Amino acid sequence: MLQTKLFTKTRREAPADEPSKNATLLIRAGYVYKEMAGSYAYLPLGLMVLEKIKSIVREEMNAVGGQEILMTTLQRKELWEQTDRWRDDMVDIWFKSELKAGGEVGFGWSHEEPIAEMMKGYINSYKDLPIYVYQFQTKLRNELRAKSGIMRGREFLMNDMYSFCLGEEDHTSFYNATIEAYKRVYKRLGLGDDTFVTFASGGAFTQFSHEFQTICEAGEDQIYINREKNIAINEEVYNPETLAKLEVAADDLTLVKTAEVGNIFNFGRQKASDLGLRFKDEAGQDVAVWMGSYGIGVSRVMGVLVEKFSDEKGIVWPHTVAPFLVHLVGLNLEDSAVRDYVYGIYQNLKAKGVEVLFDDRDVRAGEKFADSDLLGLPYRVIVSKKTKEEGKFEVVTRLDGSVRYLSEEELYADFDRDPNT
Ligand code: ATP
Ligand code: MG
């Protein structure tokens, strides 16, 4: 992509009304636009990052057998009344409205109730199970505080998956497979080492749920961890009973600040029972479906990546989610021979399948480098009059600032590899 064609511009100054580091950097670099606190628009480069995160999640959800759907944002009051979750004293983040034609509707903050209701149309017999479905959906939540940038939105993108099983055995095996799938997602996002499967409060049906918590200074949670034993406990369930159950001593745990990047729940048969989602088993008996729900905060994850992978100069995207692998920075473009040469390199890189953003703007070299650092693509390739004469490309790795000088062939060989590594 040509940078001159990008309508977004970088900004030197931080936006005055934005307290978070992630949104400040994302706004300055032109990845997102702030509509209001807790609501951010995704601009071309930001949408590319979001889509890359979604692709990783989608691949892993498909790999465990998930089928993708898209539920509605408008939801029926009657449905949520059946589980007593319509009341504002039960769920304190509802956005609600009234239809002009009469009647109240809610804006989806979760889809557990509507999907159970929908599945009544498709689940009749044990032969129909198991079913796993997932979606990427903008959830709406009337959060009281929205000061963490895209890490806490009043609208935000979630990947939510739901499992419908015959019984506990099937459920447990899928639940465990999903834990592994989630781990693969966070590993591919570059968060594997700092993300912990964490014991957290379970809700109505089980003692615990499992959260995926990533160490992050800007996170709003605190958990106790032991890296060697791979144990993590949310402070909200940190008590003698939990410690005894997990066979770990308080002295062996360290308190860290984290962001919740995922959460999975076992509902048992309760949720389906409340909503009348039943099937006929092999003996012809009516049984409530065993349900589970699984959520990844897709847009929150993007914020966490910026919080963790950035420095005083800007963002440092992991390869797997960077909008482009290479930032081709052309210098001396006022010289038409150099300009033609750099365009040729750009075309060659694209022909080799390298994702490349070409800074073809007529601005000073210093400004180009500062913008390049802010944007945070993994590699910067500087091409100038000197390159044309000497045949050596300066390649700067954004992560550590290291500089290499490569020939054209070496350059193509360097980028001709799996971007996951
Ligand atoms: P939190 O405790 O942070 O408010 P939650 O437990 O209410 O989150 P869940 O209902 O478990 O959230 O939603 C699944 C995932 O969606 C969370 O693990 C988190 O990653 C993400 N998420 C939840 N609320 C928000 C939000 N307001 N903005 C961005 N992501 C969110
Ligand atoms: Mg949660």
Side-chain angles (χ1 to χ4, degrees), residues 15 17-27 29 31-58 61 68-75 85 91-97 106-115 134-162 182 185-186 189 191 195 200 209 211-214 216 218-221 258-265 293-308 315 321:
D17 57 346
E18 179 52 60
S20 78
K21 175 164 90 173
N22 66 80
T24 295
L25 283 172
L26 289 165
I27 292 167
Y31 286 93
V32 305
Y33 166 79
K34 184 174 186 173
E35 178 68 28
M36 60 180 128
S39 287
Y40 298 85
Y42 290 79
L43 304 175
L45 296 177
L47 188 59
M48 286 180 199
V49 176
L50 208 58
E51 290 297 331
K52 290 206 164 178
I53 299 172
K54 281 170 68 179
S55 294
I56 290 173
V57 175
R58 181 177 284 123
M61 297 308 111
E68 187 166 356
I69 60 169
L70 183 57
M71 303 283 291
T72 66
T73 295
L74 294 183
Q75 300 182 338
R85 295 215 288 176
V91 172
D92 60 1
I93 39 82
W94 268 119
F95 277 112
K96 295 175 180 172
S97 187
F107 297 152
W109 62 276
S110 159
H111 283 73
E112 285 153 2
E113 274 72 348
I115 200 156
Y134 72 86
Q135 63 173 349
F136 293 94
Q137 235 246 3
T138 298
K139 307 289 184 198
L140 295 165
R141 294 188 182 184
N142 202 342
E143 305 271 4
L144 191 58
R145 274 173 293 279
K147 292 185 178 160
S148 299
I150 64 168
M151 289 172 64
R152 183 169 297 284
R154 295 196 166 103
E155 52 181 286
F156 64 95
L157 190 66
M158 194 199 286
N159 162 247
D160 42 331
M161 180 160 69
Y162 305 89
Y182 271 37
V185 167
Y186 299 116
L189 294 172
L191 297 171
T195 301
S209 75
E211 288 173 346
F212 290 76
Q213 294 276 4
T214 305
C216 180
E220 296 178 21
D221 291 359
T258 53
E260 182 192 320
V261 292
N263 199 180
I264 63 178
F265 287 92
S293 102
Y294 314 80
I296 293 181
V298 174
S299 45
R300 176 177 291 179
V301 160
M302 181 168 161
V304 170
L305 291 174
V306 175
E307 291 285 340
K308 290 179 76 75
I315 303 169
V321 302

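Owing to the predicted nature of the structure, the values given are computational and were not obtained by experimental measurement.
When atom types are taken as modelled, the side chain of Gln75 and the backbone of Ser110 share a donor-acceptor pair closer than 3.5 angstrom. Between the His111 side chain and the Thr72 main chain, a donor and an acceptor come within less than 3.5 Å of each other. Between the side chain of Arg152 and the backbone N or O of Ala146, no donor-acceptor pair lies under 3.5 Å.
Of all non-hydrogen atoms in Glu307 and Cys216, the two that sit nearest each other are CB-SG, 3.9 Å. Across all non-hydrogen atoms, the minimal contact from Glu143 to Gly153 is CG-O, 3.6 Å. Between Ala23 and Gly149 the shortest heavy-atom distance is CB-CA, 3.8 Å. For the pair Glu260 and Glu211, the tightest heavy-atom approach, listed with the atom from each and the gap, is OE1-OE2, 3.3 Å. In this structure, Val306 and Asn22 approach most closely via the heavy-atom pair CG1-CA, 3.7 Å. The two residues Lys147 and Pro19 come nearest to each other via the heavy atoms O-CG, 3.6 Å.
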Using the rule given for side-chain contact (heavy atoms from CB on, under 4.5 Å), can you reason through Val298 versus Met302, listing the C-alpha separation, both sets of side-chain angles and the distance that settles it, and then say yes or no?
CA-CA 7 Å; Val298 174; Met302 181 168 161; over 6 Å; no
Go through it in stages, so that I can follow the logic: the residues are Glu220 and Met151, the test is side-chain contact (heavy atoms from CB on, under 4.5 Å), and I'd like the CA-CA distance, side-chain angles, deciding distance and then a yes or no.
CA-CA 9 Å; Glu220 296 178 21; Met151 289 172 64; 5.9 Å; no
Stepwise side-chain contact (heavy atoms from CB on, under 4.5 Å) test for Met61 and Tyr182:
CA-CA 9 Å; Met61 297 308 111; Tyr182 271 37; 3.7 Å; yes
Trace of the side-chain contact (heavy atoms from CB on, under 4.5 Å) decision for Leu189 with Val261:
CA-CA 12 Å; Leu189 294 172; Val261 292; over 6 Å; no
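Using a 4.5 Å heavy-atom threshold, the side chains of Leu305 and Val49 count as separate. In this structure the side chain of Leu157 reaches within 4.5 angstrom of the side chain of Thr138, judged on heavy atoms. The shortest distance between side-chain heavy atoms of Glu155 and Phe107 does not fall below 4.5 Å. Looking at heavy atoms from C-beta onward, Arg141 lies in side-chain contact with Met158 at the 4.5 angstrom threshold. Using a 4.5 Å heavy-atom threshold, the side chains of Tyr31 and Ile315 count as touching. At least one side-chain heavy atom of Tyr42 sits under 4.5 Å from a side-chain heavy atom of Ile150. Residues Arg154 and Ile93 are not in side-chain contact: their nearest non-hydrogen atoms beyond the backbone lie 4.5 Å or more apart.
Under the side-chain hydrogen bond (donor to acceptor under 3.5 Å, both in side chains) criterion, Glu18 pairs with Ser20, Lys34, Tyr40, not counting sequence neighbours. Take Asp160 and apply the side-chain hydrogen bond (donor to acceptor under 3.5 Å, both in side chains) test, not counting sequence neighbours, and it matches Gln135, Lys139, Tyr162. In terms of the side-chain hydrogen bond (donor to acceptor under 3.5 Å, both in side chains) criterion, residue partners of Arg85 (sequence neighbours excluded) are, by chain and number, Glu112, Glu113. Listed by chain and residue number, nothing satisfies the ring-ring contact (aromatic ring centres under 6.0 Å, His included) test with Phe265 (two or more places apart in sequence, or in another chain). For Tyr186, the ring-ring contact (aromatic ring centres under 6.0 Å, His included) test picks out Phe212, with sequence neighbours left out. Partners of Glu35 under the side-chain hydrogen bond (donor to acceptor under 3.5 Å, both in side chains) rule, at least two apart in sequence or in another chain, do not exist in this structure.
The CD atom of Glu68 sits 12.0 Å away from atom CE of Met161, with the distance rounded to the nearest 0.5 Å. Atom CG of Leu47 is separated from atom NZ of Lys52 by 12.0 Å, given to the nearest 0.5 angstrom. Taken to the nearest 0.5 Å, the CZ atom of Phe136 stands 10.0 Å off from the CD1 atom of Ile53. Between atom NZ of residue Lys96 and atom CG of residue Leu140 there is a gap of 14.0 Å, rounded to the nearest 0.5 Å. Separation of atoms CG (Leu50) and OG (Ser55) is listed at 10.0 Å; rounding is to 0.5 Å.
Between Trp94 and Trp109, the two ring planes are perpendicular [angle over 60°; tilted spans 30° to 60°].
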